Amino acid sequence: MKSEPGEFSFEDLLRIHNKTTSWDGVRNFAARNFLRDGMKLGDRVFFYHSSSDTPAVVGECEVVREGYVDESAFDPTHPYFDPDSSRESPQWYRVELRAVAQFTRPVTLAEIKARRELGQMALVRIGRLSVTPVTAAEYEVIRGMAG
DNA sequence: GCCAACGTTGGC
DNA sequence: GCCAACGTTGGC
């Protein structure tokens, strides 16, 4: 999961009660499908800082609630409002994530790109998506790089 | 600031 | 359905 640290950083998440947040605002169908269909209770999730000086995976979360309707799309005053989504046929979904651990050593995008085993990572392949899948093998490599 | 790689919009 | 124009994301 990507977040711009200037908007919402991993440190911000750690400061929240229960270190838990509802991940709303995803408004891309491919990202939504990964989020809604691919994330299961207890799954580990990497937290990635995008559009920062050093884009990097900075920590780990876990899914504490699986995909459910993102009601922010229904509110005309909300920045994530989408008139095409309704309670009758919702388009957008969210999950709840809880921070598990901050990496002692962030794993930068440059390091990820330099590792052959990670060359096919969706994060690298489809860089603009805010939600991308991580394989078990990729997960282990990055955990190793984080120390 | 530039660019790639999309997604979206709307005319036809 | 096609395509041009434009918007968005995010790395560099």
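This is a predicted model, so every value here is computed, not measured. Just so we're on the same page: letters track the sequence lines, and every chain starts at 1.
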For E71(A), the salt bridge (Lys or Arg N to Asp or Glu O under 4.0 Å) test, sequence neighbours excluded, returns R87(A)
Residue set satisfying side chain to side chain contact (heavy atoms under 4.5 Å, CB included) with Q120(A), at least two apart, ordered chain then number -> R125(A)
Hits for side chain to side chain contact (heavy atoms under 4.5 Å, CB included) against R98(A), two or more places apart or cross-chain, chain-then-number order -> K19(A), T20(A), E62(A), V64(A)
Using a 4.0 Å cut-off on heavy atoms, which residues in residues 107-117 of chain A reach DNA chain C? List them by number, or say none. L109(A), K113(A)
Need two values: the first and the last nucleotide of DNA chain C, 5' to 3', having an atom under 4.0 Å from any heavy-atom of chain A. dT9(C) to dC12(C)
State which residues pass side chain to side chain contact (heavy atoms under 4.5 Å, CB included) with P133(A); sequence neighbours excluded, sorted by chain then number. F34(A), A122(A)
Partners meeting side chain to side chain contact (heavy atoms under 4.5 Å, CB included) with T135(A) (sequence neighbours left out): A137(A), E138(A)
Residues passing the salt bridge (Lys or Arg N to Asp or Glu O under 4.0 Å) test with D12(A), sequence neighbours excluded, are R15(A)
Mind checking what makes salt bridge (Lys or Arg N to Asp or Glu O under 4.0 Å) contact with E117(A), not counting sequence neighbours? R115(A)
